[in-house]
Amino acid sequence: LITQNKGRDVIPLLTQLKDILKNYKYFCHIHTKKHGETDILGKFWRIYLYENLLGNKDIISQILTDFENNDKIGIIFPEPFYVHIKHVFFYNPPNYIYLNFLLDTLFPTMELKILDVTMFPVGNMFWARINAVYQMFDERIIKSAPEEEGQGDGTLLHAIERFWLFLTKLNGYKYKSIMYYI
């Protein structure tokens, strides 16, 4: 679906696909990942994510086979390998406020707090099993999204990117990171 450019890639995913996704077992979320015409890192990052998620029929077949052969896999995403990404984007304190907001909103009776994020689908592109992540399409999350102000990190939208694996685990599933192409 082509969507309005609002809420980055996250809000279109949550709003426009929430009713459609219930008809499927899995979905793949990709987007343009544009950082600007001069951002070389953004360009290579986007190509890396696309190639590892949709690079050819064999990759797509392997991902779907992994889901079909292991009903405990909830999400599959490319391994974050850029040193810059691994060391900068994991530790932004405002993200933890929003991660715990998501946890408290979706699982209010749990006594958990998210204190560390060491792995997530950087770039918010992945394949997922609907049953592993269905709570993310909750209207309370959608309504809480901030206005776009060019934020580089530290918003609810960035926390959602980091929350997919927690949600998957809370629903009793595991994740798998992949790297077919570098």
Side-chain angles (χ1 to χ4, degrees), residues 1 3-19 21 27-36 39 41-42 45-46 49 53 74-177:
L1 296 172
T3 63
Q4 181 183 17
N5 188 15
K6 182 178 180 183
R8 301 195 181 191
D9 62 289
V10 178
I11 297 308
L13 168 66
L14 299 182
T15 58
Q16 294 192 348
L17 296 183
K18 74 180 199 169
D19 294 327
L21 291 178
F27 70 97
C28 179
H29 179 237
I30 60 167
H31 55 95
T32 59
K33 195 71 189 145
K34 297 246 176 160
H35 284 256
D39 187 347
L41 175 61
W45 187 4
R46 180 175 57 251
L49 293 172
L53 293 169
I75 191 166
I76 298 174
F77 60 97
E79 171 80 23
F81 74 96
Y82 292 111
V83 173
H84 174 74
I85 292 167
K86 278 191 168 184
H87 295 292
V88 174
F89 290 142
F90 291 142
Y91 302 107
N92 190 334
N95 287 330
Y96 294 97
I97 294 167
Y98 292 111
L99 282 164
N100 287 302
F101 164 78
L102 291 166
L103 188 62
D104 293 342
T105 299
L106 298 177
F107 299 92
T109 60
M110 294 187 110
E111 297 288 328
L112 297 174
K113 290 293 175 209
I114 299 171
L115 302 174
D116 188 29
V117 176
T118 56
M119 179 69 80
F120 64 95
V122 179
N124 206 37
M125 292 193 228
F126 53 86
W127 283 85
R129 183 184 303 271
I130 303 300
N131 290 343
V133 298
Y134 68 92
Q135 294 99 327
M136 192 66 85
F137 298 87
D138 187 294
E139 195 65 36
R140 295 171 294 174
I141 303 303
I142 295 166
K143 288 181 179 177
S144 299
E147 290 296 319
E148 180 61 47
E149 296 174 356
Q151 304 93 321
D153 197 7
T155 70
L156 178 64
L157 302 175
H158 297 97
I160 287 170
E161 174 182 30
R162 289 154 176 80
F163 194 73
W164 293 108
L165 299 187
F166 287 99
L167 184 55
T168 297
K169 289 178 187 178
L170 287 168
N171 284 324
Y173 293 91
K174 298 177 182 184
Y175 69 83
K176 180 179 180 180
S177 62

Original post:
Has the side chain of H31 got a donor or acceptor atom that lies under 3.5 Å from a matching backbone atom of G123?
Top reply: yes
**OP:** Apply the test side chain to side chain contact (heavy atoms under 4.5 Å, CB included) to residues L49 and I30: give CA-CA distance (whole Å), side-chain angles for both, the deciding distance (0.1 Å), then the verdict.
**Re:** CA-CA 8 Å; L49 293 172; I30 60 167; over 6 Å; no
Subject >> Value rounded to 0.5 Å, distance of OH in Y173 from CG in L167 >> reply: 11.0 Å
Subject >> Intermediate values then yes/no, side chain to side chain contact (heavy atoms under 4.5 Å, CB included), L103 and F163 >> reply: CA-CA 8 Å; L103 188 62; F163 194 73; 4.2 Å; yes
Subject >> Nearest-0.5 Å distance, CD1 of residue I142 to CD of residue Q16 >> reply: 10.5 Å
Original post:
Can you find a pair of side-chain heavy atoms, one from L170 and one from Q135, that are under 4.5 Å apart?
Top reply: no
Original post:
Is there a side-chain contact between L102 and L156, using heavy atoms and a 4.5 Å cut-off?
Top reply: yes
Original post:
Once you round to the nearest 0.5 Å, how far does CZ of F27 lie from CD1 of I75?
Top reply: 7.0 Å
Subject >> Gap between atom CG of L53 and atom CZ of F126 - 0.5 Å precision >> reply: 9.5 Å
**OP:** For the residue pair N171 and N131, establish whether any side-chain heavy-atom pair is separated by less than 4.5 Å.
**Re:** no
Original post:
Quick one: CG on L157 to CG on N124, what's the gap to the nearest 0.5 Å?
Top reply: 9.0 Å
Subject >> Distance-only side-chain donor-acceptor flag, E161 / N95, under 3.5 Å >> reply: no
Original post:
Should D104 and K113 count as an ion pair when the cut-off is N to O under 4.0 Å?
Top reply: yes
**OP:** Taking all heavy atoms of M119 and all of P80, pick out the closest pair and write down the distance.
**Re:** SD-CD, 3.6 Å
Subject >> Result of checking I130, L21, D19 against F137 for side chain to side chain contact (heavy atoms under 4.5 Å, CB included) >> reply: L21
Original post:
Are any non-hydrogen side-chain atoms of W45 and V122 less than 4.5 angstrom apart?
Top reply: yes
**OP:** Could you tell me whether the side chain of W164 reaches within less than 4.5 Å of the side chain of H29, counting heavy atoms only?
**Re:** no
Original post:
Minimum heavy-atom separation for G74 to T168, with atom names?
Top reply: CA-CG2, 3.9 Å
Subject >> Value rounded to 0.5 Å, distance of CG in D138 from NZ in K143 >> reply: 10.0 Å
**OP:** Indicate yes or no: at least one non-hydrogen side-chain atom of E139 is less than 4.5 angstrom from one of K18.
**Re:** yes
Subject >> Nearest heavy-atom neighbours spanning R140 and L106 >> reply: NH2-CD2, 4.3 Å
